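None of the values given here were measured: they were computed from a predicted structure. Counting starts at 1 for both ligands and their atoms, following the listed order.
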Amino acid sequence: MTDRKDDSSAPKTWSGRFNEPVSELVKRYTASVFFDRRLALHDIRGSLAHARMLARQGIIAPADLAAIESGMATIRGEIERGEFAWSLDDEDVHLNIEKRLTALVGDAGKRLHTGRSRNDQVATDIRLWLRDTIDAIDALLRDYQRNLLDLAEAHAATPMPGFTHLQVAQPVTFGHHLLAYFEMARRDRARLADCRKRVNQLPLGAAALAGTSYPIDREFVARELGFDGVCENSLDAVSDRDFAIEFTAACALIMTHASRLSEELILWMSPRVGFIDLADRFCTGSSIMPQKKNPDVPELARGKTGRVNGHLVALLTLMKAQPLAYNKDNQEDKEPLFDTADTVADTLRIFADLVTGIRVKPEAMAAALRQGYATATDLADYLVKKGLPFRDAHEAVARAVRAAEARGCDLADFSVAELRRFSPLIEEDVKSVLTVAGSLAARAHIGGTAPAQVQAAIARARQTL
Ligand code: ARG
């Protein structure tokens, strides 16, 4: 750290039992203040709740609490104004703040750590921070969902080819296609909400690992900090980071969904497909090829998905061989966690806006539909309704498609007389079946792509926001 002069001769908070100071390299290697200072305001919040509990229980004097509260107010101001002098000598965010508190208010500052350890302190800080982070990401997901719905509504009846194996399969509406991403985001939010329940439990009181001999009131601290309850087992409370892993797994899925949409946007924007255009603010040009407009933002989102997946593996690996209870390994939980949250939040913020910058080209979508025999299934279903078993209908239509391919035309280009060569069951009423509009309208059940169903799905989805 550069903010405060490092002073190797200054005694460490825990230096009483040591004969020699750690080397500069070890100091850097073991310090976390570079990154965990991000937890500072949550650390102060946790400390204040702990101090209030200590005073209520008569473990510290009211005057000590008053001194701690005023000192912490000063420190919070210093941090918010960027004036706090962080020091590598004090290892982490917790010791930095405690040391400053003691400098400001004397012995009361030294009493704050009564009945507590950095082990339950850091676990509490992370949970407080993560709870806020989950709420912020949930709000971003909601914004993204809302913008998806607006675009889906505008295109509830815009036909496009639905694909399987990236081959034209059956007609869908663009609105219906977008609603698939709405559903993914709905589940992403549900996963975060579920994870939040397990995050929102208080570790404080576990102290180093075994609990504490002071007459503490953990329920009071939990209420003060808005936790739903207290962690039941002290060893578990200080050691497990499964809640961070769960959060990162939920984020990996959020990124996976963003990455799937990215892949589609990139494909749709390719001049070979040309289904959409993306607003210029999400694209960049090429330094050599003047004609290029590259979808950099979706490409980066696709790339950053790998980074979040990596964080998930890092955290799982961090945890897997740790014996109970706390081990310093756990200090390594923060950077993956912070970077996951930042990456997901930025991606969602951008995607909410990106969705509003999609310009749809319905003519290109319609042209692609005319080339892929997208209504072949509809013709088979038509024959089934006339009494033919489905497998026979499938065969008859397959022959019709082969003939159309040989002639270089669509099924709809055959006359009824020509179609009857494939099945005598075909009559004049087949014409509406072979149209895209007919195909769409026929899928008129819940979850289907009929424009009326898409409108209804949008209305239901809006209710949930
Ligand atoms: N900086 C540490 C961490 O992030 C705080 C807990 C340290 N506890 C200890 N006994 N060394 O996990």
Enquirer: Identify which one of Trp129, Phe247, Phe34 satisfies the ring pair (Phe, Tyr, Trp, His ring centres under 6.0 Å) criterion when paired with Phe338.
Expert: Trp129
Enquirer: Classify the ring geometry of Phe84 against Trp86: parallel below 30°, tilted from 30° to 60°, perpendicular beyond 60°.
Expert: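 Plane angle between 30° and 60°, so tilted.
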Enquirer: Does a salt bridge link Lys334 with Asp36, judged by any charged N lying under 4.0 Å from a carboxylate O?
Expert: no
Enquirer: Which atom names give the shortest non-hydrogen contact between Cys283 and Leu278, and what distance separates them?
Expert: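 The answer is SG-CB, 3.9 Å.
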Enquirer: Please say whether the positively charged group of Arg127, taken as NZ for Lys or CZ for Arg, lies over the ring of Phe243, i.e. under 6.0 angstrom from the six-membered ring centre and within 45 degrees of the axis.
Expert: yes
Enquirer: Enumerate the pairs of nitrogen or oxygen atoms, one from ligand 1 and one from the protein, separated by less than 3.5 angstrom; state names and distance to 0.1 Å.
Expert:
unit_1: ligand 1; atom_1: 1 (N); unit_2: Ser32; atom_2: OG; d: 3.4
unit_1: ligand 1; atom_1: 1 (N); unit_2: Asp92; atom_2: OD2; d: 3.0
unit_1: ligand 1; atom_1: 1 (N); unit_2: Gln331; atom_2: OE1; d: 2.7
unit_1: ligand 1; atom_1: 4 (O); unit_2: Lys334; atom_2: NZ; d: 2.5
unit_1: ligand 1; atom_1: 8 (N); unit_2: Asn119; atom_2: OD1; d: 2.8
unit_1: ligand 1; atom_1: 10 (N); unit_2: Asn119; atom_2: OD1; d: 3.2
unit_1: ligand 1; atom_1: 12 (O); unit_2: Tyr326; atom_2: OH; d: 2.5

Enquirer: side-chain contact (heavy atoms from CB on, under 4.5 Å), that's the test. Do Met72 and Leu101 meet it? Break it down for me.
Expert: CA-CA 7 Å; Met72 286 299 198; Leu101 181 69; 4.1 Å; yes
